[in-house]
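I have placed the structure first, in the form of structure tokens, so that the comments after it can refer back to it.
This structure is a prediction, so every number in the text was calculated from the model and none was measured. Chain letters run A, B, ... following the sequence lines, proteins first and then strands; every chain starts at 1.
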Amino acid sequence: MSSSRRQYPFHLIEPKWQQFWDEQQTFRAFNPGEALPDGHPFARRHNLSGKVAATQLPPKFYILDMFPYPSGAGLHVGHPEGYTATDILARYKRAQGLHVLHPMGWDAFGLPAEQYAVKTGQHPRNTTEANIATFKRQIQSLGFSYDWSRELATTDPDYFRWTQWIFLKLYNSWFNPEKNKAEPIETLKYPAELENVGQASSLSQTSKKNGDRQDACPTNELESRRRAYRDSKRLAYVSEQPVWWCEQLGTVLANEEVVDGKSEVGGFPVVRKPMRQWMLRITAYAEKLLADLDTIDWTDSLKEMQRNWIGRSEGAEVKFQISNSESQITVFTTRPDTLFGATYMVLSPEHKLVDEWLKDDGIPSEWPTGTPEEWKGGKDTPYDAIWAYGLCAAAKSDLDRTALAKEKTGVWTGVYAINPVNGEKIPIWIADYVLASYGTGAIMAVPAHDERDFEFAKKFGLGIPRVVIPAEEEIYAIAEKSYRNQGLSQQEKQLWEAHVELNNRQNAVDVIEPFCLPGISCNSSNEEVSLNGLYSSDAKQKITAWLEGKNLGKRTINYKLRDWLFSRQRYWGEPFPIIWKRDAGGNLYHEALPESSLPLLPPTLEDYKPTSDGQPPLARAKEWLNLPDGSVRETNTMPQWAGSCWYYLRYLDAKNSNAFVSKEAESYWMGTAGRESRVESREPDSGLPSSLVPRPSTPGVDLYVGGTEHAVLHLLYARFWHKVLFDLGHVSTPEPFFKLVNQGLILGEDGQKMSKSRGNVVNPDDILKEFGADAFRLYEMFLGPLEMVKPWNTKGVEGVYRFLGRVWRLFVDEASETEFEQAQTTAKEQGSKQLLNLIKLNSAIKDVPATPAQLKTLHACIKKVTEDLEGLRFNTAISAMMVFVNDAITWETKPVSVLREFLVLLAPFAPHIAEELWEKLSTGHSPQSTVHSPQPARTGDSGLRTGDSLSYARWPKFDPALLVESEIEIPVQVNGKLRVVIKVPANATQADLETAAKNSIEVKPFIDGKTIKKIIVVPKKLVNIVAV
RNA sequence: GCCGGUGUGGCGAAAUGGCAGACGCACAGGACUUAAAAUCCUGGGACCGUAAAAAGUCGUGUGGGUUCGAGUCCCACCACCGGCACCA
């Protein structure tokens, strides 16, 4: 392969233009108030100079890639897929006259660098910096139009200083349910018993007072209770909950980082362990995170994933009195209408009542007489049974507990509860099919109408009384449908089965198949309330109202979403700006460091392992750890997600040392500055159909492209932080990412996921060396639709590479190229770009008017490429350009004006070759000549000069008039089958078409001797003759 | 199990309900060449035909339906991919 002749000298062209763009800062974006450099092509294109206010700048377009974690392995071909797509769009939008922000940075904290440090003792910063350098070199070699002046790394103290700052905002805020937003913690009202009567001391004062008021014991007591209350309300709080501890990684993990009972990174076993952890109160935002999905332009599947993750469900909490006891058990249920069918209850093994019973003896010392053997779990007393079952559950991995086919297990506690609606005594069980972490960790079991409860009840011989039956109307509808032989859905089949069972077993109380759909309540009444005859939705309302009236329950909404476990026992992450102190009573409490102390740097260590007593590595740095006043630093660090939660905001103002982003930059780039006044009017004749005219700036990032692997975590966390910042007035939009697209995975040539172990990894460096960056970019896009999963095929790169070769030959003179080649072999070591000057323009390129046919070819291409770019259909846009070139290469005379506009279309996709040919065209021919002569606006104010990059050249517009055909081909069908294609004038009437079709020789045999029943004529499309 | 996505030539793919397979890869034949590479031209869904054509039939995962007309819309099913999964 390497022996084959180069299609064109990309090895000289690509570095030449990359250097040019870099030197000219071609792709810098400018913040409001920033001075535009003299002669910058952006300034010239828009007739701007000096310091420019937000209102004078063109509308913004913020196009963002998910920044990469710079791993040691370097880039693989999957990374540049999204980057190429965004780069093409960035260049396209620039050509359209928008002010494009297109930045790149590094998500550089993370485990691999730390693990390497543990092994080698090398500071993770060194590895990280080396990896960033590799990634940056590789990314830059692809010619992406990033504004590198805004580059950032999450590991940079100037960056994580603000990550810590945002953490302090979270720490110092609470969620006010009345206003439905976060507020500074100072606005928190204390419950009456904690009101600090007569002493209006503020928080900061009290903490300083520690030393001098030792005698004020009651105050201290009150203060510490107030502090505890306050701390329990913060958006960042400390919790002792059980967490996933991974021994091998030496850290706890978030729920989201545990997959199938193993760590997502490394696949090591994890166990539940109670530890003191920092949590972020993301659950307070569950409703907003869910509701606001409707305001953003994401794919349905992505929104659906987030909805499922948040997992909202409406239902009721119901209190059950425990028999012979003061205590109550509260359960959450989505089917309060089935309350009359509850025949037992289940507590999760971790339920706090279980602990109480084991400690304080709320359970009978003996099994009640007549207890079935299988209820006892093989133990002699309830105590032993509960104890043993709890141990057993704790030992099980998550995988074991949630295994699908697993048979349900459980033990009876010997205790009964009272069903509040009918006073029945129902047994309370402990079983691990009830999760401690969802709802209240306890359920009422309605075996007749819940699969799981049914399975359990059958195994242990518990009652399964029916309290819901299918609604008659629904059954009628199904009967009718099945009579008409229409297929039935799963639900309809279930309804039907339940109906059949009911008919066959009229008198049976217990059901033999659970019925879990809504229906009509039965057997559900007491002296005060009856649900009988009501449909489930109505029954729910009625029973909930009754329960509320008796203070036995209330309507509730529950979420699957848990609070975010935010601390890690690692070195290579942001340290928490938090210190720990003891109050006079000896209670440990935490306090935030002042903002002025940021950034809080991690200490330098020799050894990056956790301490021998299981403390995080930061605890090794004694001097760092212990402060002179006796307080101690927090030794946890933040998770990798922290830095990626807000990086898109830092790009807006990456060098600002006074704020995480300035108000002006934020409101301009996030699209909320002067929205009313700045409705698009800058480019009056952009030539696009109205649907394609650039919209007024959208709120937030205009387009965010990245992999599906971040569908839930990163995208949910980032939305959460953004909403907090919004509530606190630090950003001006409620959502960060207006439009989001997931690029599909690129598989190896064998159709398998690329991985080292399969040996099917394609290294972009190799492709670049052989075919060049432009061919690589083109191929990544030509592969198929952006969102699809698709296999790589290096042969396919050759195809687009050949296309670029044809483009090259369309423009250059072959004889001069031979000269260039010879010069290149003799003057090898120079290999200089000066040699490119030897290559002359093709002599067929002339400054002549284009023929109508040529214009048609060009404008068809402009139309297709423009529309496809708007719809992110890069693959078909490329094929349109191939069609153009295949045609243009046959022209004897090639008008400069046509080729020039074609280059503008090609430039976003293959910018290097486009720039080179543009330059040749400009030096060889007047840059003023364009396709349309009567267009002073075009040539006059673009401000571009010979020698300017074509990056700011105007995107051509297509003229529909040029695409009109004089004669068109119309397919003629008889009875839906194609018989002939006839040629008619484009303006033929329906009657003309009909006559022409009927008279066609090819059609005659199919209609002769038949009656023509109907003729369908679709103007400009087709004729269909129906004849029998 | 639930949710979402995808099924079209040898391969990647394209087609506002209106000529299925644009564009590209691979392949075959030809031109150029001493030869090869590169380049250029030509061909191509399957079947049935034929010396070669033409004509004809079938064809977008499977089975139904709507329609003058379905890859496209509706219903059911199958396969593969991704996500969630005892969430009460």
Side-chain angles (χ1 to χ4, degrees), chain A residues 3-7 260 299-305 307-309 311 313 315 331-335 338 346 401-404 406 408 431-435 437-446 449-453 455-456 481 485-490 516 558-561 708-709 711-712 742 744-745 747 751 753 779 782-785 787-800 802-803 805-806 809 814 864 873 875-883 886 889 969-981 1013-1016 1018 1020-1027:
Chain A
S3 60
S4 72
R5 182 174 173 270
R6 262 189 212 98
Q7 290 272 352
D260 291 337
T299 60
D300 289 338
S301 69
L302 199 65
K303 288 185 182 183
E304 212 39 45
M305 278 197 228
R307 287 195 191 103
N308 289 340
W309 195 266
S313 61
V331 302
F332 172 73
T333 176
T334 55
R335 292 295 301 272
T338 62
V346 185
R401 276 183 68 163
T402 62
L404 277 181
K406 195 202 66 170
K408 301 227 171 339
D432 67 2
Y433 83 92
V434 171
L435 308 174
S437 56
Y438 184 76
T440 60
I443 62 157
M444 66 177 208
V446 186
H449 305 289
D450 182 283
E451 300 260 4
R452 298 149 301 182
D453 298 345
E455 208 184 302
F456 192 84
K481 238 180 138 177
N485 225 352
Q486 288 171 324
L488 298 182
S489 71
Q490 294 277 338
C516 310
N558 225 306
Y559 301 91
K560 275 197 322 197
L561 185 69
T708 354
E709 66 271 23
V712 228
N742 285 127
L745 208 61
L747 306 173
K753 219 176 208 171
Y779 180 63
F782 191 60
L783 216 46
E787 306 92 317
M788 295 283 104
V789 176
K790 46 212 175 267
W792 179 270
N793 175 9
T794 299
K795 281 282 181 197
V797 189
E798 289 177 43
V800 291
R802 275 202 279 269
F803 162 69
R806 277 204 302 285
R809 290 191 293 277
E814 277 192 60
K864 183 80 177 133
R873 294 179 296 268
N875 53 334
T876 48
I878 293 168
S879 80
M881 291 189 288
M882 288 172 166
V883 170
N886 288 347
I889 211 152
E969 295 189 332
I970 299 290
V972 179
Q973 300 178 339
V974 179
N975 294 333
K977 282 199 173 128
L978 179 73
R979 293 306 172 182
V980 70
V981 178
K1013 285 186 67 177
K1014 194 175 180 185
I1015 300 185
I1016 290 108
V1018 185
K1020 293 182 196 282
K1021 282 283 183 191
L1022 128 163
V1023 179
N1024 188 10
I1025 302 172
V1026 186

Taking the [atom1] atom in each of [N] and [M], what is the distance between them to the nearest angstrom?
N: B:A15; M: B:C84; atom1: C1'; result: 35 Å
N: B:G65; M: B:U16; atom1: C1'; result: 24 Å
N: B:U8; M: B:C80; atom1: C1'; result: 16 Å
N: B:G45; M: B:G1; atom1: P; result: 41 Å
N: B:A76; M: B:G12; atom1: P; result: 29 Å
N: B:C77; M: B:C68; atom1: C1'; result: 29 Å
N: B:A14; M: B:G61; atom1: P; result: 14 Å
N: B:G4; M: B:G9; atom1: P; result: 26 Å

Proximal nucleotide (of [options]) relative to the [X] side chain:
X: A:Met788; options: B:U6, B:C84, B:A88; result: B:U6
X: A:Lys795; options: B:G83, B:G24, B:C25; result: B:C25
X: A:Ile443; options: B:A88, B:A13, B:C3; result: B:A88
X: A:Tyr438; options: B:C23, B:A88, B:C68; result: B:A88
X: A:Met305; options: B:C68, B:G83, B:C23; result: B:G83
X: A:Lys977; options: B:C68, B:C58, B:G4; result: B:C58

Which pair of heavy atoms, one from [X] and one from [Y], lies closest together, and at what distance?
X: A:Met444; Y: A:Val331; answer: N-CG1, 3.6 Å
X: A:Pro971; Y: A:Lys1021; answer: CD-O, 3.0 Å
X: A:Val712; Y: A:Met305; answer: CG1-O, 4.2 Å

d([atom1], [X]; [atom2], [N]) in whole Å:
X: A:Met881; N: B:G24; atom1: CE; atom2: P; answer: 13 Å
X: A:Glu304; N: B:G83; atom1: CD; atom2: P; answer: 16 Å
X: A:Glu787; N: B:G5; atom1: CD; atom2: P; answer: 13 Å
X: A:Lys560; N: B:C84; atom1: NZ; atom2: C1'; answer: 6 Å
X: A:Trp309; N: B:C3; atom1: CH2; atom2: C1'; answer: 14 Å
X: A:Asn558; N: B:A88; atom1: CG; atom2: P; answer: 8 Å
X: A:Arg809; N: B:U39; atom1: CZ; atom2: C1'; answer: 6 Å
X: A:Ile1025; N: B:C68; atom1: CD1; atom2: P; answer: 16 Å

Q: Would you give a per-nucleotide map of nucleotides 15-21 of chain B, 5' to 3', where B means the base has a protein non-hydrogen atom under 4.0 Å away, S means only the sugar-phosphate does, and - means neither?
A: -B-BB--
Min side-chain heavy-atom separation [X]-[Y] under 4.5 Å:
X: A:Ile1025; Y: A:Lys1013; answer: no
X: A:Lys560; Y: A:Trp309; answer: no
X: A:Tyr433; Y: A:Ile443; answer: yes
X: A:Ile889; Y: A:Arg806; answer: yes
X: A:Tyr779; Y: A:Trp792; answer: yes
X: A:Val446; Y: A:Arg335; answer: no
X: A:Asp432; Y: A:Val434; answer: no
X: A:Ile1016; Y: A:Val1026; answer: yes

By the 4.0 Å heavy-atom rule, please label [X] as base, sugar-phosphate, or nothing.
X: A:Ser301; result: sugar-phosphate
X: A:Lys408; result: base
X: A:Asn886; result: sugar-phosphate
X: A:Arg802; result: sugar-phosphate
X: A:Thr299; result: nothing
X: A:Thr708; result: nothing
X: A:Asn875; result: sugar-phosphate
X: A:Gln7; result: sugar-phosphate

Q: Determine if the base of B:G9 is syn or anti; take syn to mean the glycosidic torsion is within 90° of 0.
A: syn
Q: Using heavy atoms to find the nearest nucleotide of RNA chain B for A:Lys1014 and A:Val883 separately, return the residue whose nucleotide is more 5′.
A: A:Val883
**Q.** 5'-most by nearest nucleotide on RNA chain B - A:Arg335 or A:Leu783
**A.** A:Leu783
Please determine whether a side-chain nitrogen or oxygen atom of [X] lies at a distance below 4.0 Å from atom OP1 or OP2 of [N].
X: A:Arg806; N: B:A38; result: no
X: A:Lys790; N: B:G12; result: no
X: A:Arg6; N: B:A38; result: no

Q. Counting only heavy atoms not in A:Glu709, do more than 12 sit closer than 6.0 Å to its CD atom?
A. yes
(Q) Regarding A:Gln7 and A:Arg809, do their side chains bring together a donor and an acceptor under 3.5 Å, going by distance alone? (A) yes
Q) Once Watson-Crick and G-U wobble pairs under 3.5 Å are found, how is RNA chain B written in dot-bracket notation, 5' to 3', with | for any base paired to another strand? A) (((((((..(((.....[....))).(((((.......))))).(((........)))..(((((..]....))))))))))))....
